[in-house]
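All residue numbers refer to positions in the sequence shown, counting from 1.
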Amino acid sequence: MNEPIFDMHGENEKYSGCVIINNVLNTFHFQKTKEGNYVYRGSLSVRSPKDGSVLSKTKDGTEHKITKELNFNDFSKAEEYIINRAKKIYEENELLIVKKQGLTVTQEIIWPSMAVTQYARKFVDVTCFSRNPKKKERRVRTLHKLAGFFENTPMKDVSPAMVKKIIKKNKISETSQKLLYDFWAYCCAQQYCSGNNPVPAIEKHGCSVETLTKKALTPDVLSQAQQDAIYRQLNANVCGLACAVALVMSGWPIEFVLKLKWKDVIFSSFLEDYVRIIYTRPELSSATHDYTRPCVPQTAMILQKQYQHLKTLYPEEKLRNYPVAVGHDNISVVNRNAVTGWMRTLLRSREVACQLLDDKNRPTSIRIYHNTYANNLGMKCNLKEDHGTLSFLLGQNLNSTTDDHYVSYTCEEAQKRMYYILSCLKEAKKNERTEITKEVDENTVIHTLLPEMPDRCVAGKVIIKLKPGEKISLNCPCGVEFRAVARKINQDGKKCRITKKDKAQ
């Protein structure tokens, strides 16, 4: 932002003047008051470069003039105060002001503050995977602050030496420097600006021995045995907290879980472990905003058990508006610390150490549960190559146009498909029988082959003699590979010799 031009004149304790910022005229007036909390009161207005009228913007269908009140006590600081108010009003309405000026911003002349005004929110939506809107807003504000250091220099004319000087002069942190580097690279990649990225890249520092030791003691994911044990413990003590922990283990963010109500939980009348959660993400810039999806079967059973219990205490119509994560009174919502505290206790019971590492706002316990869920989807559910389904089940933005526009993940068939995919995460129980024979009628016999455990495969080699007219069919709900060799048999029971004619057929 260029250095402002300030002019003020006054008479009889009434003052007026102008402030010019980036060639935009701001007029002001104020006067000394006899009563009230402030000695001087007035207003500041942004003027149109075309006709000099006060600029206005449309909000909620109504035209509002772009003005700011002036209220201060110390006349000696009036100039500094008015200039700061003019800068703030310019930053808040920069895009509108530029449009009113009739300027066409091209790759060659776009300056950093204009790029931030137009593209910062889109950049944050694409690069920040946090579901916390406050975190995204902080990044946008940081970019506005950083862009202000470059004044109105076109981005293509900014040199690495200029950036280093600005970083040193304003003591910009490495975190902010990395954010600026990523934003500049994004603008170059999207061709919003021309030239190269002048911001120096931040070199990654190696972790200390102590940090590496702590990370080694804290696993990224839970083993299958640990997951099964935690689910058994939750199932034995079903309550509002158990539902909250189970939902986090199914990949939902804890902030969403604490706001979830029973009316947003969809139960199936046919399958007891088929439970879906209504989950929408209107803040995403993509076409897909509805991320309603099924739970992990173990989580579904816990929710089902808790809901059936609550139905005996409250009318179902009233229960729909009750929160899921509740305390012992089944009505009041539990806080975040109560949920994370129990999550930590469950991990310790499974001999998992839980320290607060790196990210102070996201305890290791939450990270372990979410990493476990993501690992289950990629490795056990084998969704590594199915990027669309994997992103949808993780609640992430769908970057593929095909996934975003042409594939429905919320239709009944797609939801059932995801339910059957997640069913492989059920705790495996040994089958009592591995072979079952059932005679349907005198002409039909069904032979069923089962593996020892549901999470294993079964292989079989069967030799069947078919009489003329008899048929055999294979059916497997999880897929089957079948190779068949047919041979004629003589009357004495011996295999016929294969002729060249048979081979040709």
Side-chain angles (χ1 to χ4, degrees), residues 57 59 91-96 98-99 105 107 110-148 150 155 172-193 197 199 201-202 251-260 277-293 359 361-362 366-367 370-371 373-374 377 387-410:
K57 60 182 178 180
K59 186 177 181 181
E91 290 174 357
E92 292 175 351
N93 303 277
E94 185 174 10
L95 184 59
L96 176 63
V98 171
K99 287 181 178 179
V105 181
Q107 296 179 11
I110 190 170
W111 56 86
S113 60
M114 193 66 240
V116 169
T117 302
Q118 291 192 21
Y119 309 119
R121 294 192 181 279
K122 188 187 295 186
F123 160 76
V124 170
D125 284 339
V126 172
T127 59
C128 182
F129 298 106
S130 172
R131 298 181 179 89
N132 187 354
K134 291 183 180 179
K135 186 174 182 179
K136 294 184 175 183
E137 193 61 35
R138 282 197 300 270
R139 292 195 177 192
V140 172
R141 288 200 303 268
T142 301
L143 285 171
H144 272 289
K145 181 180 178 181
L146 294 172
F150 292 89
M155 294 177 74
I172 298 174
S173 65
E174 287 191 354
T175 303
S176 298
Q177 186 179 333
K178 184 180 184 305
L179 181 64
L180 181 61
Y181 174 85
D182 292 339
F183 175 71
W184 211 296
Y186 172 79
C187 290
C188 292
Q190 299 295 323
Q191 297 183 349
Y192 297 145
C193 68
N197 189 349
V199 184
I202 298 295
W252 276 280
I254 191 169
E255 293 79 12
F256 169 76
V257 171
L258 295 176
K259 297 177 182 178
L260 185 67
I277 304 296
I278 298 176
Y279 182 40
T280 56
R281 298 196 60 192
E283 77 279 4
L284 292 180
S285 58
S286 63
T288 301
H289 292 157
D290 186 1
Y291 281 80
T292 299
R293 67 175 191 261
D359 190 350
N361 296 320
R362 192 182 184 200
I366 298 178
R367 189 161 66 248
H370 283 183
N371 286 351
Y373 174 71
L377 294 180
H387 302 293
T389 305
L390 180 61
S391 298
F392 186 85
L393 287 171
L394 289 171
Q396 296 175 350
N397 192 358
L398 301 176
N399 294 321
S400 166
T401 304
T402 302
D403 290 328
D404 214 359
H405 293 276
Y406 303 117
V407 179
S408 172
Y409 290 99
T410 54

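- Using a 4.5 Å cut-off on side-chain heavy atoms (C-beta onward), E137 and R121 make contact.
- Residues Y409 and S391 fail the side-chain proximity criterion, which asks for heavy atoms closer than 4.5 Å.
- T292 approaches I278 most closely through the heavy-atom pair OG1-CA, 3.4 Å.
- Legend: residues meeting side-chain hydrogen bond (donor to acceptor under 3.5 Å, both in side chains) with R141, ordered by chain and number and at least two apart, are absent.
- Interatomic distance, CG of L394 versus OG1 of T389, reported as 10.5 Å (0.5 Å rounding).
- We find the CH2-NE2 distance between W252 and H370 to be 10.5 Å, quoted to the nearest 0.5 Å.
- Smallest separation of non-hydrogen atoms from K136 and D125: NZ-OD1, 3.8 Å.
- Annotation: side-chain hydrogen bond (donor to acceptor under 3.5 Å, both in side chains) contacts of T410 (sequence neighbours excluded): none.
- Remark: K259 engages no residue in a side-chain hydrogen bond (donor to acceptor under 3.5 Å, both in side chains) (not counting sequence neighbours).
- Side chains of F150 and V116 form no contact here, defined as non-hydrogen atoms less than 4.5 Å apart.
- Shown here for V199 and W184, the closest heavy-atom pair between the two residues is CG2-CE3, 3.8 Å.
- F123 places none of its side-chain heavy atoms less than 4.5 Å from the side chain of V140.
- The two atoms that bring N197 and Y181 nearest to each other are ND2-O, 3.0 Å, heavy atoms only.
- A pairwise comparison of heavy atoms in Y291 and Q396 identifies OH-O, 2.9 Å as the closest pair.
- Contact check for Y186 versus Y192: side-chain heavy atoms found under the 4.5 Å cut-off.
- With sequence neighbours left out, the side-chain hydrogen bond (donor to acceptor under 3.5 Å, both in side chains) criterion links S176 to S173.
- Applying the side chain to side chain contact (heavy atoms under 4.5 Å, CB included) criterion to A115, with sequence neighbours excluded, gives I110, Y119, M155, F183, C187.
- Distance check, rounded to the nearest 0.5 Å: CZ of R138 to CG of L179 gives 12.0 Å.
- Applying the salt bridge (Lys or Arg N to Asp or Glu O under 4.0 Å) test to K178 and every residue at least two apart in sequence or in another chain returns D182.
- Contact check for I277 versus F256: side-chain heavy atoms found under the 4.5 Å cut-off.
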